[in-house]
Amino acid sequence: MSAPLLDVTGLGVRFDTPAGPLQAVRSLDFAVAPGEVLGIVGESGSGKSQAMLALLGLLAANGRASGRALFEGRDLLALDEAGLNRVRGSRIAMIFQDPMTSLNPYLAIGAQMALVLRAHRGLRGRDAAREAGAMLESVGIQDAGRRLRQYPHELSGGMRQRVMIATALLCRPALLVADEPTTALDVTVQAQILELMHTLRARFGTAIVLITHDLAVVAGLADRLLVMQQGECREAGSPEEIFYAPRERYTRALLAAVPRLDRAGPPAPPLRHAGAAPLLQVRGLRVGYPVLADGLLGRKRLLRAVEDLSFELAPGEVLGVVGESGCGKSTLGRAVLQLVPASAGSVSFLGRDLGQLERAALDAMRRDLQVVFQDPLASLDPRMTVRDIVAEPLETFEPGLTDAERSNQVAEMLSRVGLDPSHMNRYPHQFSGGQCQRVAIARALITRPKLIVCDEAVSALDVSVRAQILRLLLELRRLLDLSLIFIGHDLAVIRQVSQRVMVMYLGRVMEMAPAGELFGHPRHPYTRALLAAAPLPDPRLERSRPRVGLAGEVPSPLAPPDGCVFRTRCPHAREICAAQVPVLARHGAAEVACHRVAEIQESILKSVS
C-alpha cells in the first residue's frame, strides 16, 4: 500500500471560553490515502468540521489544536501562517457548506477565481480567465464566459456550489475537504454534486474528505467512514461494515433514524372523519408577483409562483408537497394561510372563503391555521423567553386568561412536545436547533389549530433530531386530530409522514397521488427523476443503481416554457408538449399532468417484462 496522503494522530481541539476550556475533539486518529474518499459522519457538535478546520489553521481565535497531522511529509499543525498559505488552496482545498457566505458578493465569479490563480499559479489576465472558464466547464457549467462576469446572487444554489468546487480545483489539489456540500440543496442538485465528486476523483485523482450528517450521501461515494460523537471517533470502517454490521450503539441509532426512500413509513392511521366535508378546498389558485426584470428602470414582468392549482385536504390528513427550489411550494403554503395575496382562485377553510373575509374575521380564523417555518431561530424572537413566545397566541385569542393560567397551558404544551417546562424562562439561543423547533411547534399548537403548514420544518436538523420531530408531529396529529401540509425536498421524509403527495414544478402540479402509489408507481417523468436522484442509505444498492440525473437548471418563473413547463428537461418531450399545457387527469389512483403518460407507462412495462 502507498503511504497515506494525510496521516492524523492524536488530534485534539480545545476552545478557551469564559466558563473554562471546551474540548471539541479528543485524540482523533485517521488517515487518507491518495485518491481515497473518506466520509466523516456525525451530528452537529460532534467535532467533524472543527477537526478539519484545525488541520488547515482555520480555527477561531480562542481555538487550540494539538497532535500531529502529516501531509506530504509536513506536519500541518507545526506550520506557521506562511507555510499554511502555501498549502491551503494549492495542495489542500476546502468547500464550505454555504457557498453564499463563502463567495464574495462584491466580486464577479471570474475575479474571485483569478485571485486564487494569481496567488498560487501566478496567472493573470486572459490566462487566468481562460483557466477559470475551462474549470467551470469541467464541473458542468455551460456558457462559462458569461458566468465569469456574473455575481454570486445571480446564480442558483447548485450553480454557486459548482463555482466553489471549480475554484477549489483550480490548483489541482491533492486533497479536497467538502464540508456538508449538499445539505441545503435540492435532491436533483445534490445528485449532480455527488456525481461531480465521482468524476473529479476519476479525472484528477483527488482524495476527498466528505463531512456530512446525512448517511445516504456517503453510502455510494465513500471508501471508508469515520463516525464521530462528542469529539471522539466512535467507529471506523468500510461503508459495508458501518451500514450492515455496526458495532456501536450510537452508529446503530444514527442508521435507525435515517428515513428510507425504498421503504414505506409506518402505516398512517385511518382518517377519523372519512367521508366528511373537506377541511380545506383550494380552487384555481394563482399567485404572481410583479417584478422589475430589466433593472430599476426596466419594465415590470409577472413572476408566476403558483399557477392554476386545485386540491382538497380532509380532516386529519397529511399532504406532502415536494419539488425543487422555486417550484412554488412555500408560496402555496403562505397563500393557503393568507400570508401572501392570491392573484386568482379561492382558498376555503371549513367552508368559508378566506379571501373574502374581513380582516377581523380572518384574524379570528388564524387560531385554527398555524405554521412551522424551516429555521426556528429566525422565526423565534430572540428577545422573548420561551414562555412568552408560546403564550403570545393565547394573549391574542384568549385574552381572558390570567398569567397563571397561560403559564400552566404553556407548561403543558412544552411537556407535550418533549421540553422541560422548568426551562420556559430561557431564551431561544440557550436551546439547540432541535429544541428550538420544538418550541416553534409548541407555539403553533397552543391554540389547538385544525391545520398546520410545516414549511421545510426538519430540513436543517440532524438525522436523529429530525426523526424525533417527525415522530412528535405524527403523534400530535393522532392525539389532536391535526391536518398537516408538509412541505419538503427530502422525498424519504415525505414518504414517512404523508398520506398523499403533491409534486410541483414551476408553480404547477405535475402529479398528485396517495403516498404508496406515488412512490411505488410514479407516473410523471419529473416524479421519476426526483426519485432517481434521491440517494439511498445502502452502499450496495446505491452503487448498483444507474446514475441517471436530471440535467439542467429549473427555468426562470419569469419566462416559463410554453406548453408543459417541464418539457425543456424531459427526455420524453415531443411537439405536443410545447404546443399545449397538459391538464391534470386521472390515471389509476393518481392525477398526472403529462401528454404522454400512457405511452411512458406502456414502455416502462415492456422494458420490465
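Reckoned from all heavy atoms, side chains included, excluding hydrogens, waters and symmetry mates. Computed from a predicted model, the values in this text were never measured in an experiment.
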Have a look at Glu235 and tell me which of Glu241, Gln229, Arg247, Met228 forms a side chain to side chain contact (heavy atoms under 4.5 Å, CB included) with it. Arg247
Give me the one residue out of Leu530, Leu536, Val493, Val187 that meets side chain to side chain contact (heavy atoms under 4.5 Å, CB included) with Leu261. Leu536
Side-chain donor or acceptor of [X] paired with backbone N/O of [Y] under 3.5 Å:
X	Y	answer
Arg406	Leu401	yes
Ser498	Val501	no
Gln281	Pro278	no
Glu358	Ala360	no
Thr17	Gly20	yes
Glu180	His213	yes
Arg495	Gly516	no

Given side-chain contact (heavy atoms from CB on, under 4.5 Å), test Leu225 with Val218 step by step and report yes or no. CA-CA 8 Å; Leu225 293 180; Val218 295; 3.6 Å; yes
Name all pairs fulfilling the side chain to side chain donor-acceptor pair (under 3.5 Å) condition that reach into residues 391-400, sequence neighbours left out, sorted by first residue then second. Arg367-Glu398
Residue pairs meeting side chain to side chain donor-acceptor pair (under 3.5 Å), one or both in residues 442-455, sequence neighbours left out, come to Ser330-Asp455, Arg334-Asp455
About how many Å separate [atom2] of [Y] and [atom1] of [X], when rounded to the nearest 0.5 Å?
X	Y	atom1	atom2	result
Met365	Phe349	CE	CZ	5.5 Å
Asp353	Arg283	CG	CZ	12.0 Å
Leu369	Ile452	CG	CD1	10.0 Å
Ile487	Lys329	CD1	NZ	8.0 Å

Pairing residues for Arg426 by the side chain to side chain donor-acceptor pair (under 3.5 Å) criterion, not counting sequence neighbours: His423
Would you please test Met94 and Asp179 for side-chain contact (heavy atoms from CB on, under 4.5 Å) and show each step? CA-CA 7 Å; Met94 188 161 187; Asp179 189 2; 3.9 Å; yes
Quick one: salt bridge (Lys or Arg N to Asp or Glu O under 4.0 Å) partners of [X], sequence neighbours excluded?
X	value
Asp29	none
Glu232	Arg234
Arg160	none

Is the shortest side-chain heavy-atom distance between [X] and [Y] below 4.5 Å?
X	Y	value
Asp388	Thr385	yes
Phe96	Leu53	yes
Leu476	Ile441	yes
Gln370	Leu445	no
Leu414	Asp420	no
Leu313	Leu451	yes
Gln161	Ile95	yes
Phe373	Leu380	no

Non-hydrogen atoms of [X] and [Y] that approach each other most closely:
X	Y	result
Ala236	Ile242	C-CD1, 4.1 Å
Pro537	Pro259	CG-O, 4.4 Å
Met384	Pro428	O-CD, 3.4 Å
Tyr526	Met504	CE2-O, 3.3 Å
Arg366	Leu339	NH1-CD2, 3.9 Å
Ala533	Thr188	CB-CA, 4.0 Å

For Glu317 and Ser483, run side-chain hydrogen bond (donor to acceptor under 3.5 Å, both in side chains): C-alpha distance rounded to whole Å, both residues' side-chain angles, the deciding distance at 0.1 Å, then the answer. CA-CA 5 Å; Glu317 185 180 16; Ser483 294; over 6 Å; no
Between Thr527 and Glu511, do the side chains contain an N or O donor and an N or O acceptor separated by less than 3.5 Å? yes
Could you walk me through whether Glu312 and Leu280 pass the side-chain contact (heavy atoms from CB on, under 4.5 Å) check? CA-CA 6 Å; Glu312 294 182 351; Leu280 180 74; over 6 Å; no
Flag yes if more than 12 heavy atoms outside Arg252 fall under 6.0 Å of its CZ atom; otherwise flag no. yes
With side-chain contact (heavy atoms from CB on, under 4.5 Å) as the test, would you mind laying out the steps for Leu255 and Phe243 before giving the verdict? CA-CA 7 Å; Leu255 291 168; Phe243 278 86; 3.6 Å; yes
Test side-chain hydrogen bond (donor to acceptor under 3.5 Å, both in side chains) on Gln468 and Arg438 and set out the steps. CA-CA 10 Å; Gln468 294 169 10; Arg438 289 173 185 265; 3.1 Å; yes
Below 4.0 angstrom, N of the basic side chain to O of the carboxylate: do Arg14 and Asp16 qualify? yes
